[in-house]
Structure formats: structure tokens, C-alpha cells
Amino acid sequence: MTQESPRADLGELTDIEGVTRLLSVEGLSLIDVGCGAGDVARALAELGAVVLGVEPDPVQAQKNRSAEPVPNVTLVEAGAEALPADDRSVDGVLFFRSLHHVPRELMDKAFMEAARVLKPGGFVYVVEPGMEGSHYKMMRPFHDETEVRTLAQQALAKTADSLFEPVGKYVYMQHPRHESFEAMRKFFTAMSFNDIDREMIDVPEVRESFEAARCEDGYVFDQPTLVNFYRQPGES
């Protein structure tokens, strides 16, 4: 088995800082796949992009439909395997921590859909959480994503690396923060796309890892964030 080449370290960045470090989105037509509540889609629009956010979770999608409209942002209910866009119609497709939520049997299809909708020379930008760091150690007892995160990396290596032209692989560090154990528990149990209840979180192992992250103004964790950046073959 071939060992993966080291990722270029970008330091400590927010997700939007990661995007702007690697490319400019001003004037581009983008799809944010698995957009959640649309926070990243709105931030991309503030940078001058026109963004279609697609969210497969019906509960979150209904909330999005009820939200206040934002210029240059459209939020719809759809899955990564069936993007509501014409062939060769968008400049970029972005996955912000959403690839590992795509069902395993649809991950390859998600990249084929991205290839279908991208203009020649367009880009695919995939952000995935790493499986190291204190934040994942804390959440793993009640929300172990090792299998699905591994599947996402395998799909990138198997399908995305063959469909697209790799531009680079990167890593940056983030520091998730929780004000208290109860605040952390509310954060995870509020996710409509995950079946996590309060009792699953409130166990000694989680309490111990959480307490180890105490600082003067809350609880701060480490979370490596992985980026795979690709281009659609052909001239833009």
C-alpha cells in the first residue's frame, strides 16, 4: 500500500481563511454540498460568490427554507448524488465536513456529480475533519466517526484522485471551544442528522477528556482539518 505524501501545513485557520488562502471565489458560481444551516454559503457569498447550498437532511432543509433570504445564496434540499444544477454550469463544488456524511454507496456518485456540473477548469474543494486531536478523542466515545471518515478518505483516493487533477493536499488546525460540559452536550444533541442523546455523552470517559481541555475562559480543543483541492480537467 502506497503511503500518502505529507500534507502542506497551513497553520491555524478558519474554514473561510483556508479557502481564501488557496483560491479566490469572487464572481464564481459555487455549490456548497451538505451546507447545514448555510453559514459557509453565506460567508462565500460575502466574498463575492453566487452560492447554491444543498442540504439532504429534511429537518435542516426545512429550517433553511424558513430562514431570512440572503443575496446570492440559495438553499435547497438535495443530496450530493443528485445536484440540482446543469452540466458544466458551476465554477466550484465544495464539501465542508459533509463527505463523510454521504452514504458509503453514494460517495463515488457524489464525485461523479461534481464532475458533471463543473465547468472545465472548475474546482472541487473537500474539507474533512482529521481523526486526531483532543476534540475527536473527547467525542469518539459517543460519536465515533472513524469508519465514515476513513471511507471518505478512501473515496478521495479512489475516485476523486482519478476524476480530477489534484492541486494539493493541506492541513490546518482549528480549536473548537465549548463554554461548559452542558453547552457541549446541547451542541451535539441538537444535530438533527445524528442520533445522539444526553445519556450517551454524560459518561466518565467523556467527562475526563472534556475536563482535560479546561482553560481560563472555557474548554478549548485541537482539531486537525484536512483539505483536498482538485481541478476539473480542461481549460476554464
Side-chain angles (χ1 to χ4, degrees), residues 3-54 72-73 80 83 85 88-102 107 110-133 135-136 149 152-176 222-236:
Q3 186 174 6
E4 182 181 354
S5 58
R7 293 176 178 267
D9 191 342
L10 301 179
E12 296 187 10
L13 298 173
T14 67
D15 288 335
I16 294 302
E17 288 171 342
V19 171
T20 57
R21 177 74 65 89
L22 297 174
L23 70 153
S24 172
V25 299
E26 184 176 4
L28 300 186
S29 171
L30 308 177
I31 298 180
D32 180 12
V33 180
C35 66
D39 294 341
V40 171
R42 295 183 185 94
L44 293 169
E46 290 177 0
L47 294 173
V50 176
V51 187
L52 172 64
V54 300
N72 295 323
V73 176
L83 298 177
R88 299 189 171 197
S89 63
V90 301
D91 297 296
V93 177
L94 304 98
F95 296 77
F96 282 93
R97 296 178 189 79
S98 57
L99 180 60
H100 67 279
H101 291 293
V102 175
M107 284 187 183
F111 288 126
M112 289 186 281
E113 271 291 272
R116 177 185 68 79
V117 303
L118 277 176
K119 299 175 184 178
F123 69 87
V124 176
Y125 185 92
V126 182
V127 176
E128 278 289 299
M131 289 177 280
E132 300 174 348
H135 198 252
Y136 190 53
R149 294 187 189 188
Q153 294 302 317
Q154 290 173 347
L156 285 163
K158 170 191 169 187
T159 305
D161 283 3
S162 60
L163 279 176
F164 308 108
E165 295 175 351
V167 175
K169 297 180 180 181
Y170 308 90
V171 59
Y172 55 87
M173 183 64 72
Q174 296 190 317
H175 297 285
D222 296 326
Q223 177 58 66
T225 302
L226 312 178
V227 177
N228 286 53
F229 184 24
Y230 302 94
R231 287 284 181 185
Q232 177 84 313
E235 295 293 330
S236 58

Val19 and Leu44: side-chain contact (heavy atoms from CB on, under 4.5 Å), yes or no, with the steps? CA-CA 9 Å; Val19 171; Leu44 293 169; 4.3 Å; yes
Decide yes or no on side-chain contact (heavy atoms from CB on, under 4.5 Å) for Leu30 and Val90, but give the supporting numbers first. CA-CA 6 Å; Leu30 308 177; Val90 301; over 6 Å; no
Apply the test side-chain contact (heavy atoms from CB on, under 4.5 Å) to residues Val50 and Leu28: give CA-CA distance (whole Å), side-chain angles for both, the deciding distance (0.1 Å), then the verdict. CA-CA 6 Å; Val50 176; Leu28 300 186; over 6 Å; no
Please lay out, stage by stage, how Tyr170 and Asp9 fare under the test side chain to side chain donor-acceptor pair (under 3.5 Å). CA-CA 6 Å; Tyr170 308 90; Asp9 191 342; over 6 Å; no
Apply side-chain contact (heavy atoms from CB on, under 4.5 Å) to Leu83 and Val54, showing your working. CA-CA 8 Å; Leu83 298 177; Val54 300; 4.0 Å; yes
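For the residue pair His175 and Asp222, a side-chain donor N or O sits within less than 3.5 Å of a side-chain acceptor on the partner. In this model, a donor atom of one side chain and an acceptor atom of the other lie less than 3.5 Å apart for Tyr172 and Asp15. Between Asn72 and Arg42, the side chains place no donor N or O within less than 3.5 Å of an acceptor N or O (distance only, hydrogens not considered).
Glu12 has its side chain out of reach of Gln174: every pair of non-hydrogen atoms, C-beta onward, lies at least 4.5 Å apart. Proximity of Thr225 to Phe96: side-chain heavy atoms (C-beta onward) are nowhere separated by under 4.5 Å. The shortest distance between side-chain heavy atoms of Leu156 and Leu99 falls below 4.5 Å. Proximity of Val171 to Leu10: side-chain heavy atoms (C-beta onward) are nowhere separated by under 4.5 Å. Side chains of Leu226 and Arg7 form a contact here, defined as non-hydrogen atoms less than 4.5 Å apart.
Here CZ of Phe95 is found 9.5 Å from CD of Glu128. Values are rounded to the nearest 0.5 Å. From Leu163, atom CG reaches atom CZ of Phe111 across 8.5 Å, with rounding to the nearest 0.5 Å. Between the CE atom of Met107 and the CD atom of Gln153 there is a distance of 9.5 Å, given to the nearest 0.5 Å. To the nearest 0.5 Å, atoms OH (Tyr125) and CG (Leu22) are separated by 5.0 Å.
Between Val93 and the options Leu52, Val33, Asp32, a side chain to side chain contact (heavy atoms under 4.5 Å, CB included) holds for only Val33.
The backbone N or O of Lys169 lies less than 3.5 Å from no partner atom in the side chain of Asn228, so there is not a single donor-acceptor pair. A donor-acceptor pair under 3.5 Å is absent between the side-chain atoms of Gln223 and the main chain of Pro129, judged by distance alone. A side-chain donor-acceptor contact under 3.5 Å links Gln232 to the backbone of Ala115. A donor-acceptor pair under 3.5 Å is formed between the side chain of Ser162 and the backbone N or O of Lys158. Side-chain atoms of Ser89 do not come within 3.5 Å of backbone N or O of Ala85 as any donor-acceptor pair.
Ring pair Phe229/Phe123 is perpendicular by interplanar angle, where above 60° counts as perpendicular and below 30° as parallel.
Scanning all heavy atoms of the two residues, the minimum distance from Tyr230 to Pro166 falls at CD2-CA, 3.7 Å. Contact record, Arg88 with Pro120: NH1-CG, 3.9 Å, taken as the closest heavy-atom pair. The minimum heavy-atom distance linking Pro224 with Gly133 is given by the pair CD-CA, 4.0 Å.
Annotation for Arg116: atom CZ counts as buried by contact number, over 12 foreign heavy atoms lying within 6.0 Å. The number of heavy atoms from other shown groups lying within 6.0 Å of CD (Glu17) is above 12.
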